[in-house]
Amino acid sequence: MWQLRERAHPVLTDEGGAILDEYTGRWSQLTPTASAAVMLLLACPTFEQAADRFAERYGIGSEQAAADVRAVADTLTAQGLATAGDSPSRRRWWRWWR
């Protein structure tokens, strides 16, 4: 299941959005379509459902929608703002005693 990490604080609207990484203090700016993809990824239990709803919303083919949603998810995961698995972040385990 795709989800934002605890350290990521989103501000998402239909006009765009941003995600704050509290560890670095950096904001990642999102286009309106990227913001919609993140909202759908957070709202839907599966990636496939998020891609289907994205396709319906923008009137595009399911393959293109899946590629677009996957690109947003992969980019945020690569930046360390999201995780694709259920396992907790390594940093949380390292800081378990805090």
Side-chain angles (χ1 to χ4, degrees):
M1 176 176 178
W2 189 90
Q3 61 188 8
L4 290 174
R5 293 192 183 269
E6 288 183 21
R7 71 181 201 202
H9 303 282
V11 178
L12 305 171
T13 68
D14 288 336
E15 290 83 32
I19 299 175
L20 172 65
D21 184 342
E22 74 177 37
Y23 288 167
T24 64
R26 291 185 174 174
W27 287 91
S28 295
Q29 301 294 321
L30 301 173
T31 64
T33 53
S35 181
V38 171
M39 285 190 272
L40 290 170
L41 283 165
L42 294 173
C44 295
T46 66
F47 175 81
E48 291 77 18
Q49 287 177 343
D52 289 343
R53 290 183 59 191
F54 191 83
E56 289 173 17
R57 179 176 182 154
Y58 290 103
I60 59 176
S62 60
E63 289 180 13
Q64 182 63 50
D68 292 349
V69 172
R70 176 67 63 197
V72 171
D74 290 347
T75 299
L76 293 176
T77 301
Q79 290 177 353
L81 296 173
T83 181
D86 292 329
S87 63
S89 69
R90 207 172 10 135
R91 188 148 176 97
R92 188 182 322 150
W93 281 106
W94 177 76
R95 294 171 34 164
W96 66 269
W97 49 270
R98 281 190 166 180

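Quick note: residue numbers are just sequence positions, from 1. Small disclaimer: the values here were computed from a predicted structure and weren't measured.
- Between the CZ atom of Arg26 and the CD1 atom of Ile19 there is a distance of 15.0 Å, given to the nearest 0.5 Å.
- Pairs engaging residues 37-57 under the salt bridge (charged side-chain N to carboxylate O under 4.0 Å, His left out) rule: Asp14-Arg57 [sequence neighbours left out].
- Looking at every heavy atom in both residues, Ala8 comes nearest to Leu81 through CB-O, 3.6 Å.
- Remark: side-chain polar atoms of Ser35 are paired, donor with acceptor, to backbone N or O of Thr13 under 3.5 angstrom.
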Table please: side-chain donor-acceptor pairs of residues 67-75 below 3.5 Å, with sequence neighbours left out.
from, atom 1, to, atom 2, distance (Å)
Asp68, OD1, Gln64, NE2, 2.6
Asp68, OD2, Gln64, NE2, 3.4
Thr75, OG1, Ala71, O, 2.8

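- Hydrophobic clustering keeps Met39 apart from Leu20 (ILVMFWY residues linked when any side-chain heavy atoms are closer than 4.5 Å, directly or through intermediates).
- The ring-ring contact (aromatic ring centres under 6.0 Å, His included) pairs that include a residue from residues 54-78 are Phe54-Tyr58, where partners are two or more places apart or lie in different chains.
- Between Ser62 and Ala55, the closest heavy-atom pair is CA-CB, 4.3 Å.
- No chain of hydrophobic side-chain contacts below 4.5 Å, direct or via other Ile, Leu, Val, Met, Phe, Trp or Tyr residues, connects Leu41 to Val11.
- Counting all heavy atoms, side chain and backbone alike, Ala51 lies closest to Ala66 at CB-CA, 3.8 Å.
- Remark: the backbone N or O of Gly80 is paired with a side-chain donor or acceptor of Arg7 at under 3.5 angstrom.
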Going through the distances and angles, do Leu76 and Trp2 end up as a side-chain contact (heavy atoms from CB on, under 4.5 Å)?
CA-CA 10 Å; Leu76 293 176; Trp2 189 90; 4.0 Å; yes

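- The OG1 atom of Thr83 sits 10.0 Å away from the CG atom of Leu4 when rounded to the nearest 0.5 Å.
- Here the straight-line distance linking atom CG of Leu42 with atom CE of Met1 works out to 8.0 Å at 0.5 Å rounding.
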